[in-house]
> 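I am attaching a structure below and will ask some questions about it afterwards.
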Amino acid sequence: MNRPRTIVFLWLLISTVLLASPIRVINRTDNSEAEIKTLSRVSGTYFSAKGLAEVLSSRIFENEKRQKIVLYLGDHRIKISAETSFIIVDEQVYQMPAYAITEGQDIYLPADAFFPILRMTVLPGLTYDSRKQLLDIDVVEFNILGLTIDEKANGTILRIRTREHFGEGNISTFKNTNGWFYITIKGGLVDTTEIKKTDTRGVIRKVVADQLGESVQLAFQLRSDIEGHEFYENSDPSEVVVTLRTPLSKSAARIKEVKNRWRLDTIVLDAGHGGKDGGTRGKYGTKEKDITLDIVKRTGLLLEKNTRIKVVYTRDEDVFIPLWKRTKIANENNGKLFVSVHCNSNPNRNARGFETYLLRPGKTDDAIEVASRENAAIKLEDMTNKKYTELTGENLIMATMAQSMFMKESEDLAAMIQTELSRKMKSPNRGVKQAGFYVLIGASMPNVLVEVGFLSNPTEEKNLKKAAYRQNIAQAIFNAILKFKESRELVLAEG
Ligand SMILES: [Zn+2]
């Protein structure tokens with residue numbers, strides 16, 4: 001035996017006995033173990049497609065002449081062809097870095113390339129350990145199921161269907177400078193085949209879904225820049241909703257139109273409650289409807305005396321005005337700002353201070369509680385000719401979306417009102433909050449709702465009974481409106 005022959009012999013021995021050891025399969029669904037035949041090549045381990053089909057109890061279709069095998073797994077169909085690097089899963093094409101090869105009546109697939117595709121598309125519970133040649137199959141279901149994109153006049157809505165609830169703590173969003181927007185969902189397991197089927201429209205050019213360890217990343221290529229984005233949770237149906245706001249087009253005519261539309265020439269002041277709806281009531285008998293009307297009138301007087309801004313009151317006397325009618329009055333008068341004034345109430349008599357609300361799904365129980373109290377006035381309305389859509393997550397998201405072009409301005413105004421109130425008052429600044437208020441829905445202008453103080457707090461009630469105290473509040477709201485007008489005009493001058 002000469003030396004080269006010995007080497008060839010040893011090589012053959014090693015490749016057949018050591019390198020071509022089968023892939024061991026542990027199936028956690030029934031705790032069974034099995035093996036899949038392999039071939040060893042310089043580029044790595046190749047396994048038998050028929051062997052995999054057997055292990056997965058997959059129905060297969062063979063076309064020997066065309067060297068094709070189709071695996072059926074549940075509703076999924078995986079097409080494998082010999083001598084190509086392409087795999088087709090449910091009409092989606094995936095490319096492997098190596099070719100599938102023919103051996104006998106079987107097709108062998110590169111293990112390191114194929115199993116990740118299978119995991120991403122059909123079997124999220126599958127893990128393959130390349131070093132140990134161990135395939136572990138567990139019953140795990142995708143929880144990120146699909147994506148729908150809706151196009152609206154002023155933005156695009158992304159709805160990610162999920163199997164379970166994903167809260168704010170699990171979701172992060174990010175826009176990079178190259179025109180991509182990312183949503184990362186911690187604990188998500190994404191059905192990438194479903195995401196690939198998404199019809200892209202609106203500001204979305206392309207969607208790419210990636211499973212990054214324990215997180216899912218959805219990457220959206222944008223057709224144009226977005227002005228901002230909002231995130232909402234919806235529990236029934238389970239979905240994560242993200243709205244992307246797009247800026248108004250920038251043609252000269254459009255800018256002029258926008259400038260005129262935004263010129264702050266009319267302000268709508270809305271005194272909460274009125275008539276048969278007294279609102280909340282203090283221990284000493286003070287009625288919210290009287291306090292709000294007085295503050296609104298004082299604010300209006302300051303505006304009329306010191307500016308050329310037209311003031312529209314939704315009510316200037318003690319009458320009942322339905323909530324829906326208040327925004328209607330505001331829109332019909334071409335209002336450029338809508339400020340609704342209210343007094344707060346809380347079972348805890350120590351609660352005190354002032355807060356300003358934006359129309360958006362409520363974030364805290366306290367905020368939702370305030371909104372449901374303020375919304376209670378609809379029960380007093382004649383419901384025969386006007387129906388309210390229920391303020392469920394879905395409807396509220398739509399209502400908020402319809403106002404999204406005013407969102408930034410509403411936020412600015414709310415922040416300015418809080419700042420000016422804290423300058424004038426000793427009671428605590430409770431900040432800007434958000435919840436679903438009927439009185440703000442449908443307003444075609446920046447809009448906020450101010451809770452100036454707690455009638456349930458005896459000290460604040462006493463204060464609110466004082467004319468000087470109410471004048472201070474009116475002055476603060478007036479100052480905030482002026483600040484807002486100045487900042488707005490600055491922006492318009494730059495445009
Ligand atoms: Zn109220």
Side-chain angles (χ1 to χ4, degrees), residues 268-300 313-330 338-349 351-360 362 364-381 388 391 396 410 413-414 417-418 421 425 427 430-443 447-458 460-461 463-465 469-470 473-474 476-477:
V268 183
L269 297 176
D270 176 51
H273 313 274
K276 62 184 173 185
D277 171 20
T280 189
R281 199 187 171 111
K283 186 174 130 188
Y284 305 111
T286 316
K287 290 176 188 159
E288 180 181 1
K289 65 172 184 177
D290 299 328
I291 302 292
T292 59
L293 181 61
D294 181 80
I295 292 171
V296 153
K297 280 187 168 175
R298 287 172 190 272
T299 312
Y313 302 92
T314 53
R315 68 176 180 102
D316 58 3
E317 53 185 343
D318 185 15
V319 288
F320 180 79
I321 311 275
L323 294 180
W324 61 268
K325 205 169 180 179
R326 297 175 186 247
T327 35
K328 188 164 179 267
I329 292 169
F338 182 83
V339 181
S340 188
V341 175
H342 288 258
C343 298
N344 225 331
S345 174
N346 196 296
N348 172 7
R349 290 187 170 253
R352 58 194 201 101
F354 49 89
E355 54 198 25
T356 301
Y357 279 91
L358 300 166
L359 175 66
R360 262 189 214 167
T364 64
D365 290 346
D366 275 358
I368 291 163
E369 165 68 32
V370 170
S372 69
R373 189 168 46 74
E374 299 295 9
N375 289 340
I378 63 168
K379 292 182 195 131
L380 301 170
E381 292 181 21
Y388 289 89
L391 270 189
L396 194 50
S410 302
L413 176 64
I417 289 176
Q418 284 301 113
L421 281 172
M425 304 179 38
S427 64
R430 298 169 62 94
V432 174
K433 299 182 175 180
Q434 60 184 68
F437 290 92
Y438 277 120
V439 71
L440 300 179
I441 286 176
N447 56 86
V448 296
L449 184 145
V450 194
E451 295 278 357
V452 297
F454 285 79
L455 278 178
S456 50
N457 179 300
E460 289 209 334
E461 182 188 4
N463 285 334
L464 285 163
K465 284 176 83 167
Y469 191 85
R470 296 194 300 268
I473 294 174
I477 295 172

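Note that ligands are numbered from 1 as they come in the structure, with each ligand's atoms numbered from 1 the same way. The structure displayed is predicted, hence computed values, not measured ones. Note: hydrogens, waters and symmetry copies are ignored here, and every other heavy atom, side chains too, is used.
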> Quick test of your reading: applying salt bridge (Lys or Arg N to Asp or Glu O under 4.0 Å), list the pairs with at least one residue in residues 279-295, sequence neighbours left out, ordered by first then second residue.
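Sorted result for residues 279-295: K289-D318, D294-R298, D294-R470.
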
> Output yes when a side-chain donor or acceptor of R352 lies under 3.5 Å from a complementary backbone atom of P458, and no otherwise.
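Side chain of R352 to backbone of P458, a donor-acceptor pair under 3.5 Å: no, none is there.
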
> What are the protein N, O or S atoms, given as residue plus atom name, that sit under 2.8 Å from the Zn ion (ligand 1)?
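Those protein N, O or S atoms (cut-off: under 2.8 Å from the Zn ion (ligand 1)) are H273 NE2, E288 OE2, H342 ND1, E374 OE1, E374 OE2.
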
> With a 3.5 Å distance limit and no angle check, can you tell me whether D270 reaches the backbone of V339 through a side-chain donor-acceptor pair?
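Here the side-chain-to-backbone pair does not exist.
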
> Return yes if some donor-acceptor pair links the side-chain N/O of E355 with the main-chain N/O of R430 below 3.5 Å, else return no.
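No, E355 side chain to R430 backbone: no donor-acceptor pair under 3.5 Å.
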
> If you look at every heavy atom in I441 and T327, which pair is closest and at what distance?
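Here I441 and T327 meet closest at O-OG1, 3.2 Å.
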
> Do you know the tightest heavy-atom contact between V452 and M425?
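Closest approach of V452 to M425: O-CE, 3.9 Å.
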
